Amino acid sequence: MDTYDDAAFDRFCSELVNAGFSPSGEDANPYWTGPIRASLQPLTDATRMQIHIYPGWPLRYAHVFVAGLGTEHAARGTICLWAEDDPAQIDGRELQGLWDRLDQWAAAAQAGFHAEDRALDAYLLYDEQSTYRAELPLRDLITRGTNGYTAEVFATIQGKTLLIEHGNPPDRRTIGKPVLTGAFYLRNHLPEPPRTLNDVLAALTRRQRKNLTYGLSDRSDTVFTEPSGGHDFIVLAWPRHDADYDAVVLGMTGTGDTLRTAALPATSNDVQALRRRAGSDADLLARKVVLIAGAGSVGGHVAVAVASSGVGTIHLHDSDLLTSTNLARHVGTRHFVGYRKTNAVAVIVGQHAPWTSVTRHDDLPYDPAELLAAIEGVDLVIDCTGVLPMTAALADACRRSGVALIVGALFHHGALARVQRQAEGDTPIAARPADPRYHALPPDDRATATAGFLELGCTAPVNNASPVAVLTAAADTACAAVDLLTTRRERADECITVLRPMSPPFDRTGALEPCGDSSEDS
């Protein structure tokens, strides 16, 4: 077996032999069998255990298997000693390190794992697992009831995922796919996750048990993912720790004496669950109003990033239509070709950040009075137009009105990405060309001037920046926006990222900031 440390593996195997273990299994999946560890004896009647060694050892630790072991953090006998992404598992390359971790686990299993240590993986303890996954609006269902609450739910299959919803089920003829029916059961306490359908029945209230019994009796003899006329699936949920809940989703196959159940790994897909992944700034950004000028390649990605970070309202300005040639760099998909770019971005934002309200508008006006009216009442303007006259107009209007401005743009066909901030205490953008602290962009030369290409109807070369350059500019622009909206102000008021070396001082890749303290009032 190939390993990442052959010498340590040989030593590990020798120590296993000295501990009374002998090799078994195939070369592709070797394991060792030996006497049960003393610390495990109070948890099982087994006298033997196995050490399974997987490809990637010791970066992936050797797993301990005890047949019939029935505790938390042990899926079908395999003991979970480290999380898959835990770098500490490298300690298991020494057999004593593995034994020490196993003894710690055994002590915790006997004393009872802390509630906060219990992972949301109760399905792994169930006797049989399904190859399907499940998604459900868990928080929405929990907040609708209390202990003993029962709700009718329905689901459709998308790929290998059971998408569970509540409310009125759709007509299968309208959506063109089967609609499965089931029940959601809520309890306020379970001593341990269920492992069998009998465990589920025992965990339910009398009324819930009656609902489940009727739902199972109405089933026809179908396999899971096919409608049966009764309960095709059920969900059992209960508190785990603080505001977290465990949930087991069971898919049904057969009926009567042939009924079989299998647990599906489940994730919550409600807004609350999605928002938890928006980052620690989400609450600070919830009431912020951002105007984004330009919904093109950079602006579209910026809109999705700041919305997904928690921004509550975005005013999106762009009159351009999405074309097929835009798709290599734009957040929109082919479905939106022929529609306004603002429409595409608004839909994508809604899918990523349903808490964000997006209003769609035409291009910003150049007229000073109209431009001032357009930016009134916003917390931040982000200019992603890449159009110098509009950037200059916005810089002037924002300076006069006291509205903060972030400008993100690409230059020299993606060789340089510049992000500028103009907020209270920053040097006005219009004054920076004369300020020696700021780096002047290199002029276009013949090579870069012809790096773009012409399209039918165009009178100037198309900016040929790569998608990587676009994403770099968008990410840096979004970072600058969040930095300002959260009032951290940890970034310089201007940063030029060199993606492809040019003439000095742009001859090295990386970030260039103004010389000296550019945040002082000029």
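This structure is a prediction, so every number in the text was calculated from the model and none was measured.
Residues Leu321 and Arg340 have side chains in contact (heavy-atom distance under 4.5 Å, counting atoms from C-beta outward). The side-chain heavy atoms of Val66 and Leu43, taken from C-beta on, include no pair separated by under 4.5 Å. Within the 4.5 Å cutoff, the side chain of Trp238 has heavy atoms near those of the Pro193 side chain. Between Ile292 and His317, the closest side-chain pair of non-hydrogen atoms is not below 4.5 Å. A 4.5 Å side-chain heavy-atom check between Phe154 and Pro170 finds at least one atom pair inside the cut-off.
Each of Val358, Asn343, Val304 was checked for a side-chain contact (heavy atoms from CB on, under 4.5 Å) with Ile348, and the lone residue meeting it is Val304.
Every pair passing salt bridge (charged side-chain N to carboxylate O under 4.0 Å, His left out) that includes a residue from residues 468-481 is listed here, sequence neighbours excluded: Asp476-Arg491. Pairs engaging residues 209-228 under the ring-ring contact (aromatic ring centres under 6.0 Å, His included) rule: Tyr132-Phe224 [sequence neighbours left out].
Annotation: Asp6, atom CG; neighbour count of heavy atoms from other residues, nucleotides and ligands within 6.0 Å is above 12. Around NZ of Lys160, the count of heavy atoms belonging to other residues, nucleotides or ligands within 6.0 Å exceeds 12. Heavy-atom neighbours of Arg276 CZ from other residues, nucleotides or ligands within 6.0 Å: at or below the threshold of 12. No more than 12 heavy atoms of other residues, nucleotides or ligands lie within 6.0 Å of CG in Asp45, so this atom counts as exposed by the packing criterion.
Relative orientation of the Tyr31 and His52 rings is parallel, given thresholds of 30° and 60° on the angle between their planes.
For Phe233 and His231, the ring centers sit 6.0 Å or farther from each other.
Between Asp5 and Arg93, at least one side-chain nitrogen of the basic residue sits less than 4.0 Å from a carboxylate oxygen of the acidic one, meeting the salt-bridge criterion. A salt bridge does not link Asp199 to Arg195: none of the charged side-chain nitrogens sits closer than 4.0 Å to a carboxylate oxygen. We find that Asp281 and Arg488 are joined by a salt bridge, their nearest charged nitrogen and carboxylate oxygen being less than 4.0 Å apart.
Side-chain contact of Thr196 with Asn198: a donor-acceptor pair under 3.5 Å is absent, judged by distance alone. Checking Arg219 against Thr255 by side-chain atom types alone, no donor-acceptor pair falls below 3.5 Å. The closest side-chain donor-acceptor pair between Tyr123 and Ser130, if any, does not fall under 3.5 angstrom.
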| message | Test side-chain hydrogen bond (donor to acceptor under 3.5 Å, both in side chains) on Gln96 and Asp100; report intermediate values, then the result. | response | CA-CA 6 Å; Gln96 189 57 51; Asp100 290 345; 2.8 Å; yes
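Taking CD1 of Ile406 as the reference point, atom CG of Asp483 lies at 8.0 Å (rounded to 0.5 Å).
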